[in-house]
Amino acid sequence: MRVARRLRIRGKAGFAVLVALALTAAWGGLSLGLAEEAAKSKGALEKVFPSSNKCKRCHERVFEEWETSPLSRSIHSPVFRASLDEYLAFSGGKEKALCFRCHAPHVGEYPEQAQLFVAQVQSGDPAIDGVGCAQCHLIKQVDRTSHPPVPKYEAGKTLFGPYKDFVQNLAHQSQDLELFRKSDLCLNCHQSVPSAANLGKANDLLGGWESSKTAKSGKECQTCHMPEQVGESANGENKRKVANHTFPGRVGKLRQEAAKLDVETAVKGDQARVTVTVRSLVPHSLPTTHPAWARVVLDVTIKGKNLKTVFADQRVYGRVFADAKGQKTAFDFMATKVLEDTVLKPEETRVETFAFPTPKDTRSFDVEVSLSYAPVSGPPAFLQRIEAESSKGAQDPAFQPIAIVKRAVNVPLP
Ligand code: HEC
Ligand code: HEC
Ligand code: HEC
Ligand code: HEC
Ligand code: HEC
């Protein structure tokens with residue numbers, strides 16, 4: 001029973017056999033059409049990792065929050081589709097499961113089914129979940145000794161969660177695990193990417209978050225990214241402390257807590273200078289730099305007479321990678337070297353100065369400073385591919401910057 005062993009099912013034995021049979025049928029049934037085969041395999045997957053839709057019936061609040069989060073679309077975006085294809089072309093079809101290790105982690109339980117996952121993504125409208133409810137709530141343990149850390153799933157009818165005093169229900173058993181209140185659960189996908197293993201220390205996406213003041217004060221990823229609120233954990237149950245499942249990050253109000261921008265100006269005759277102090281309040285790297293094109297940009301604009309822009313400049317926080325041939329690459333799976341690293345380190349303060357000619361014919365000028373996530377970047381063919389893949393074309397959200405924080409000051413002139 002190769003399948004059953006690979007599935008590492010320690011729960012109900014009968015359950016395992018059922019899954020194994022379904023998988024064997026899908027392979028063995030040479031008379032089955034490809035579509036039918038795929039449907040059968042998909043059905044087998046969903047016996048162990050039920051679709052999030054199944055949880056909606058009783059966990060409507062959580063489901064609706066999760067549905068708006070990037071996690072619910074972890075294998076659906078045109079950018080993911082285009083970059084998966086770049087990866088597959090680069091790897092020559094080897095290690096097809098690699099990207100799914102985090103984007104649809106149940107692939108680890110079905111390595112033989114990697115092509116099914118690829119086909120689901122390439123269809124443009126995957127019917128399987130990427131990071132759905134079960135993909136987190138069936139994790140029993142996270143092994144932090146390997147890099148990236150490895151999750152251990154326990155398939156069965158028991159769902160793991162944060163409550164000791166859970167209410168019984170007819171759909172599943174519950175078990176509390178400390179893991180669900182700990183960063184370890186998240187580090188498993190957020191600490192480093194296996195595809196960039198040859199980058200060594202530079203593959204620490206969070207930049208030594210453990211030594212940040214925040215981590216030392218006992219905060220976990222959940223404190224900020226799954227903030228506590230009061231609500232129904234399951235439909236009709238008493239209100240209690242619950243965790244927000246919208247996973248605020250690039251989306252949501254958390255952004256406003258990312259950094260403080262202080263602006264100082266000095267004018268000496270026809271020369272002016274603006275000093276911007278960027279204080280990152282984020283306890284890990286900003287950006288976390290996966291995918292490799294992730295960048296945060298500081299823009300400074302000076303507006304003089306009639307609010308006309310007289311000067312503009314920027315600083316870019318991110319990494320520049322080189323591939324094995326020494327050429328710059330936008331893909332971390334091709335990267336062998338870091339050429340430049342300007343990522344904001346955990347809780348770092350960075351001072352930037354900008355010099356420009358004092359605006360003329362005006363009694364004051366405006367300084368506008370903003371920090372934002374840059375849009376996707378990369379080779380033209382890759383960007384065209386994203387545009388072609390997206391139902392929104394050039395309007396795809398990936399092409400839009402996302403504002404983080406802004407400051408504006410008016411500077412009177414003598
Ligand atoms: C199974 C892998 C996996 C686990 C476990 C996981 N994440 Fe993620 N997370 C992802 C992936 C993949 C994305 C990107 C989804 C996308 O945008 O396509 C993501 C996105 C996010 C985002 C949005 C980032 C942004 O740019 O807006 C936040 C916030 C986040 N995760 C927080 C967490 C926290 C907190 C935990 C632990 C409770 C956690 N994640 C556990 C895989 C995971
Ligand atoms: C170790 C876990 C892990 C692996 C492996 C991984 N990713 Fe990701 N990926 C993430 C996380 C976490 C995020 C969200 C990061 C953030 O917002 O800072 C993400 C975000 C992304 C995004 C941006 C979000 C989106 O959907 O547009 C793309 C594209 C992406 N990954 C592509 C890939 C590709 C292609 C591979 C395989 C070569 C891959 N990833 C492998 C964890 C992983
Ligand atoms: C028939 C209704 C029902 C369905 C379907 C259901 N649940 Fe639950 N679930 C509950 C109830 C009721 C609780 C108890 C809530 C409480 O104690 O406040 C619960 C608790 C939980 C908990 C907390 C366990 C703990 O000890 O911390 C998690 C996690 C959970 N469910 C996940 C899921 C997931 C994932 C699915 C889909 C695969 C799902 N549930 C489907 C009713 C359901
Ligand atoms: C990225 C991992 C992840 C995903 C995906 C995820 N959860 Fe959770 N969930 C957690 C963590 C971590 C906690 C505990 C947070 C805490 O207490 O700080 C939690 C708590 C819960 C709880 C108890 C608290 C509450 O908010 O009600 C329920 C019920 C639950 N999840 C159900 C679900 C369901 C249903 C889905 C899918 C719609 C889902 N979860 C998706 C990680 C996840
Ligand atoms: C003190 C609050 C805090 C804690 C704790 C925290 N973060 Fe963040 N995180 C932020 C802020 C603020 C941002 C930047 C603004 C934003 O994207 O919302 C951010 C951004 C992110 C992003 C998106 C960044 C990008 O480059 O796309 C991810 C992913 C993320 N955090 C994951 C984590 C993980 C994993 C942990 C635990 C190891 C964690 N965070 C702990 C506050 C926190």
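Not measured: the values here are computed from a predicted model.
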Which pair of non-hydrogen atoms, one from [X] and one from [Y], has the smallest distance, and what is that distance?
| X | Y | result |
| --- | --- | --- |
| Tyr87 | Lys94 | OH-O, 3.6 Å |
| Pro401 | Pro375 | N-CG, 3.9 Å |
| Ile75 | Ala104 | CG2-CB, 4.2 Å |
| Phe247 | Pro70 | O-CD, 4.3 Å |
| Pro357 | Gln271 | CA-NE2, 4.2 Å |
| Trp209 | Lys219 | CH2-O, 3.4 Å |

Just wondering, more than 12 heavy atoms not from Glu67 lying within 6.0 Å of its CD? yes
Mark yes when over 12 heavy atoms from residues, nucleotides or ligands other than Arg273 sit less than 6.0 Å from its CZ; otherwise mark no. no
Could you tell me whether the side chain of [Y] reaches within less than 4.5 Å of the side chain of [X], counting heavy atoms only?
| X | Y | answer |
| --- | --- | --- |
| Arg315 | Thr342 | no |
| Trp66 | Cys55 | no |
| Asp85 | Gln122 | yes |

Sidechain-backbone polar pair: [X] side chain, [Y] backbone, donor-acceptor under 3.5 Å:
| X | Y | value |
| --- | --- | --- |
| Asn169 | His172 | yes |
| Ser52 | Cys133 | yes |
| His245 | Phe63 | no |
| Gln256 | Val405 | no |
| Arg255 | Ala403 | yes |

Looking only at the aromatic ring of each residue, does the gap between the centers of Phe331 and Phe90 stay below 6.0 angstrom? no
Value rounded to 0.5 Å, distance of CG in Asn188 from CZ in Arg101: 5.5 Å
Would you call the rings of His106 and Phe49 parallel, tilted or perpendicular, taking 30° and 60° as the class edges? tilted
Mind checking whether Trp293 and Phe382 have parallel, tilted or perpendicular rings, split at 30° and 60°?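 Plane angle between 30° and 60°, so tilted.
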Should Arg144 and Glu210 count as an ion pair when the cut-off is N to O under 4.0 Å?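 Yes, charged N to carboxylate O under 4.0 Å.
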Salt bridge flag under 4.0 Å for residues Arg181 and Glu220: no
Testing His59, Glu64, Glu65 one by one against Arg61 for a side-chain hydrogen bond (donor to acceptor under 3.5 Å, both in side chains), which residue passes? Glu65
